[in-house]
Amino acid sequence: MMKLADISTQVARRWPGEVETRLDVSSSTCDLSCTSNALPAVCTWLFTEAGYSFAGLVAEEGASQWELRYLFYGERAMGWVQVIIYAPLSERTFPSISASVHAADWHEREVEDHFGLVFEGHPRLGDFVLHDDRWQEGLEPMRHRFNGREAVGERQPNLHWRPRRIVHAPGSFMMPIGPVFSGGTEPVHFLLETVGEDVIRTIPRLFYAYRGIEKIAEGRTVADALLLAERFCGTSAFAHGLAFCQAVETISRLDVPPRARALRVLLAELERFRHHVAAIEAICESTALAVAASQTAMLQEDVLRVTGALTGHRYLFGLLCVGGLTRDLSDTDCQDALAAVQHVGLQLDKIEQLLRFTSSFLDRIEQVGVTAHTDVRAYGLVGPVARAAGIARDLRKAQPYCGYEALNFEVPVENEGDGYARLRILFAEARQSVRLMEQAVASLPAGPVTVPPELQPGAALGWTEAPRGAAVHWLRLGEDGQVERYRIIPPSFMNWHGFHLAAEDFAFQDFPIILATFDLSVAENDR
Amino acid sequence: MSGWFLKGVTTGTKTTGYPAHAEGAPGVSPGRPVGGAYPEREIPLLVARCPVGAIRPSGQAAVMVDYRRCVHCFRCQRGLATPLAWESGYEWAGVFNDQQALDHAFTRSVNILVVDTGDCGACLNEVKQLNNPYYNMHRLGLFITPTPRNADVLLVVGPLTDHMRVPLQKAYEAMPTPKRVIAVGACALSGGVFAPSFACNSGPADLLPVDVAVPGNPPPPLAILQGLLVAVGRKSPRPLESPAGDTAQEVSAR
């Protein structure tokens, strides 16, 4: 395995004079400043040979130069690697790395829409975040000169926009679904390319829920930006809020008290447990297994009530603050909540046993929505979807935070990559979450739950393993403690990119099942 | 398969007694702040702490809370010398702004079209909870329908992103009259923490005539249930401000 300390020697040998390395052991991060020319080769080497995962691309418009930051992470000894290129603001063209680091594909499209930067060699730029039929080209909302607080007045959208077709065969047509479809779904549009019964390819069109979180966070105080971090994806609010807080705490070198760290683990795992129960419910519902759907729906409501009774809010809003938590939870309350969650966990085990022997259910999810290990790796998929296809990387183990390194838990892995494997992962992870909650409650340290937040300017990464996978937040704070740049890379953004891998060559009636087993959130993706 | 049958039968009845009886289980609602008397000296601090301007001074030594804006950040409850009073309960839905009193177009079975216009997922999840056995909205003749052609009530969650304006308008126009619009959640009532911005509006009210408002971030399932019952004239609306001001409309339902 590559070690973080070896990166600089390796890079110096391969690209002499083109890459400047800076190793920061305390944060186990290695910065590689490189030239535009060397960028594709360095990123490709990290991704395909050195075994790093691509976490995301952060573009920043500085006072006089562009700063493009390609984030990579690996197992614990591999740390974080940031490949950075600087260029004057007049420069608008950069090399694309997505030909070999396919995980960067959507990141480059997003930066193109946000900043108007062109990635040379990228096959498909435009009409991504901002839909061409609503917005004119060249808006570039993330540039500093764009005022995000006001509605955009006169517009000349492209009314000739038509979806791109890939299949050109006699009798083939496009079946549109969404953005308003089914009973109470998130807004997303699908184009199913079909020749009748069988769907050949699925093209999702996203960002109907685009609220411009990254833009409207700019200029806000840290406390107000935290409201956005918590509320852009309500179903994994705590994980994203925590990633944001950890970024601020890294910048300001705040030491979160041990009690707050233990409670954060407890609440993060409670959220994961609730999310996984909800995801299992969605899978049961998609296969029209009514009793199982009702049973799991009740379990979800049970966990929501436990969460509400423990913390005051059913979705854990308003608990996090920079430096700790806004309120303490008593030891007895935590023990009561744990006992209730353990009871739900036992119920869940029983449902798993029943599902395992329900052949009508298994027939519908086995061998459905299969993703191959190599594709999952190339697309950089994360979370339960990746772990169902043999990729075990979990930020709680790979780059531990909040004291996860001291806790005992396993990262379940399956290799089939089909709907059933993803369901098994959800059950197994829910069990691990209960195990983590037990450990957190068993050893709750005494003491305060917050430190005074004395903010300092700077920039840092914050990350958590959200219920759907790795969540990475990049934050830059100014002198006055206000947010200058906030970049959110949510797990759904990575996984929507690979959704079409699972939704290829299937029959129409399998579509809801594939969608449910892929466990995607539109709100989390769109931001 | 017999296992599922047994599981179902042995589970027993779980459904809430609401609306006939109050629901008292812990954790069904986050509760919400209550306006009223407050130490005068501390009012400016309290008002400044509210990130969405939901708390306003009201007279000499009192504050009022606008539930259309409140996002449950708990800043008026935690970390203050005098926390604002907090009420439990879940009957929060009221008649939106200047709409006339609701007539009684719907009294029996009602079909609901749910449109997500950029919601974070929490409100939508709470709406979905209404179908679970604890709340079981079917027993009250309320059904979620996938098509606007079949819908009587349009339930909107989310702050109405720019991309969802046209789909929402089309969905509304495709519904037969008479129809009602319910806006669920602080985002759908005021834009919440997201508006105003280039990408988002302050809820569906600037596009559609909203009849019923269900405040909360997210409102618990029982509040949404009450909102649906208000829309069909089977429950009384509640004021959207606390204490009830002149702008809050007290409309008695049959």
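The chains referred to below are lettered A, B, ... by the order of the sequence lines, with proteins before strands, and numbering in each begins at 1.
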Which one wins on heavy-atom pair count under 4.5 Å against chain B: A:Thr326, A:Thr235, A:Asp526? A:Thr326

Relative to chain A, which segment of B:Val157 carries a heavy atom at a distance below 4.5 Å: side chain, backbone, both, or neither? neither

Which atoms of A:Leu319 come close to chain B, meaning under 4.5 Å heavy atom to heavy atom: side chain ones, backbone ones, both, or neither? both

Check each atom of B:Val115 against the heavy atoms of chain A and say whether the ones under 4.5 Å are side chain, backbone, both or neither. side chain

Under the rule for salt bridge (Lys or Arg N to Asp or Glu O under 4.0 Å), what residues qualify as partners of A:Arg143, not counting sequence neighbours? A:Glu61, A:Glu140

Chain B contact via A:Ile213 - side chain, backbone, both or neither, heavy atoms under 4.5 Å: side chain

Whatever's closer than 4.5 Å to a heavy atom in chain A on B:Asn201 counts as neither

Mind telling me whether A:Trp135 and B:Phe198 have parallel, tilted or perpendicular rings, with 30° and 60° as the class edges? perpendicular

Looking only at B:His72, B:Gln129, B:Gln77, the option with the highest number of non-hydrogen pairs under 4.5 Å against chain A is B:Gln129

If you compare all heavy atoms of B:Cys120 against all heavy atoms of A:Ala523, which two are closest, and at what distance to 0.1 Å? O-CB, 3.5 Å

Tell me the closest heavy-atom pair linking A:Ala209 and B:Gly118, and the distance in Å. CB-CA, 3.6 Å

Salt-bridge test for B:Glu126 and A:Arg314: reply yes if a basic N is under 4.0 Å from a carboxylate O, no otherwise. yes

Report, in residue-number order, which members of residues 217-226 of chain A are under 4.5 Å from chain B by heavy-atom distance. A:Arg220, A:Ala223, A:Asp224

Interchain contact, A:Leu354 with chain B, by part (heavy-atom threshold 4.5 Å): both

Would you say the side-chain atoms of A:Gln300 and B:Asn125 include a donor-acceptor pair closer than 3.5 Å? yes

Using a 4.5 angstrom heavy-atom cutoff, name the option from A:Leu227, A:Val522, A:Thr296, A:Val152 with the most pairs to chain B. A:Leu227

Cut-off 3.5 Å, side chains only: do B:Tyr134 and A:Asp302 have a donor facing an acceptor? yes

Which atoms form the tightest heavy-atom contact between B:His163 and A:His131, and what is the distance? NE2-N, 3.2 Å

Under 4.5 Å to a heavy atom of chain A? For B:Phe74 that would be side chain

Mark yes or no for whether B:Thr161, through its side chain, and A:Tyr208, through its backbone, hold a donor-acceptor pair below 3.5 Å. yes

Using side-chain heavy atoms (C-beta onward) and a distance below 4.5 Å, is A:Arg231 in contact with B:Cys73? yes

